[in-house]
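This report refers to the structure that appears directly beneath it.
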Amino acid sequence: MLERQVYRMPKAGSITDLKLLTEQLEQPKANEVCVKVKAVGLNFADIFAMQGLYSATPAGPFIPGLEFSGEVVAVGNEVEEWKVGDKVMGATKFGGYVSHINIHHRYVLPLPADWSFEEGAGFLVQGLTAYYALTELGNLQKGMTVLIHSAAGGVGILANRICKKNGAYTIGSVGSQNKVDFLQNEEAYDAVILRDSLFYDKLKNALGNRPLLLIMECIGGEILEQGWKAMAPMGRMVVYGNASFASHGSKPNYPKLIWKFLRRPKIDPLRLPTQNKSLMGFNLIYLYEQTDMMLDMLSGLQALQLKPQHIGHVYDFEDMHEAIHLFQQGKTVGKVVVKLAE
């Protein structure tokens with residue numbers, strides 16, 4: 001048994017209920033390793049889970065968090081590929097906001113030698129999200145024009161890098177002007193446009209004569225509708241989030257959510273053959289159950305040899321609520337990571 005620090009929710013509903021507690025952790029099972037966590041990556045799924053808006057959220061008490069990095073401190077007696085002292089990064093189906101975690105040995109990977117713990121904690125979930133959406137669902141091809149929403153976020157940055165490895169033309173959308181220069185100068189987006197009242201016209205201008213064949217959609221609402229309208233025949237829209245439904249407060253604003261839900265775009269399946277467009281959606285948490293498939297995709301992702309995730313904001317573990325609040329505002333560039341003391 002060892003003592004660990006955890007951020008636990010008594011139940012989903014309000015982020016203010018997230019409390020830092022001290023708990024006992026059992027020795028790892030035969031097929032598990034125990035990792036002393038050095039850094040934790042924040043994701044929008046964490047926010048939706050804590051607010052009770054995520055269908056995969058456990059009932060009752062739970063610990064948020066989907067990705068981490070750290071050092072192996074104990075190994076189950078059936079585990080052969082890991083040893084104490086190994087530096088790893090891992091993905092977990094909740095339970096990541098902790099100082100120590102027991103996890104099945106297949107869900108951790110070696111931390112690249114030249115990566116920091118913060119970079120390791122910011123890669124797996126968003127890298128897998130981008131890779132699965134683009135390659136498995138989106139049929140990413142050389143020369144394809146791709147629209148990537150929330151382009152300055154962790155998924156958006158990695159999605160652009162994957163597209164560039166495949167010779168695609170990328171258009172990024174952002175919510176604030178101060179992110180444009182970073183994306184064009186540091187991440188080599190071909191075009192970056194603001195999501196404002198002129199979004200559709202800006203998108204058409206950025207496209208020129210190029211057909212829009214793939215959209216990484218995570219906004220919803222009017223932006224989704226306008227993207228669908230601009231998408232060319234044979235195009236694919238992959239939906240992996242709905243940021244327009246996110247709340248900046250600790251609890252969901254249900255009247256506002258209901259209003260947005262009632263006004264959401266409605267795409268008629270009967271018209272899809274005529275329009276010759278595809279609409280797809282996925283949730284990475286369900287991929288977690290398909291271990292072999294997930295590891296195959298991780299192998300493909302690692303083969304691209306992307307540079308490490310851009311870490312834009314780092315907070316101490318004790319400042320988790322401050323980190324979450326910043327993340328909710330949509331003002332961040334790159335990944336928000338929480339680090340733990342040595």
Legend entry - I103-L287 co-clustered via ILVMFWY side chain contacts under 4.5 Å: yes

Inset, instruction - Give the cluster check for F317 versus V73: same hydrophobic cluster or not, with ILVMFWY residues linked at side-chain heavy-atom distances below 4.5 Å. - result: no

Legend entry - Lys/Arg-Asp/Glu bridge criterion (N-O < 4.0 Å) met for E289, K93: yes

Legend entry - Residues E118, K339: salt bridge by 4.0 Å N-O rule: no

Inset, instruction - List, by chain and then residue number, the residues other than V314 in its hydrophobic cluster (Ile/Leu/Val/Met/Phe/Trp/Tyr, side-chain heavy atoms under 4.5 Å); write none if there are no others. - result: I311, V337

Inset, instruction - Could I get the full list of side chain to side chain contact (heavy atoms under 4.5 Å, CB included) partners for D296, not counting sequence neighbours? - result: none

Inset, instruction - Report the distance from atom CG of L158 to atom OG1 of T129, rounding to the nearest 0.5 Å. - result: 9.5 Å

Inset, instruction - Might you work through the ring-ring contact (aromatic ring centres under 6.0 Å, His included) test for F117 and F68, ending with a clear yes or no? - result: CA-CA 8 Å; F117 285 116; F68 62 90; over 10 Å; no

Legend entry - More than 12 heavy atoms from other groups under 6.0 Å of CD on E222: no

Inset, instruction - Count the heavy atoms belonging to other residues, nucleotides or ligands that lie under 6.0 Å from NZ of K202, then report whether that count exceeds 12. - result: yes

Inset, instruction - Describe, in one word, how the ring planes of Y107 and H104 are oriented to each other, choosing from parallel (under 30°), tilted (30 to 60°) and perpendicular (over 60°). - result: perpendicular

Legend entry - Ring center gap for F327 and H313 short of 6.0 angstrom: no

Inset, instruction - Apply side-chain hydrogen bond (donor to acceptor under 3.5 Å, both in side chains) to D114 and list each qualifying residue two or more places apart in sequence or on a separate chain. - result: none

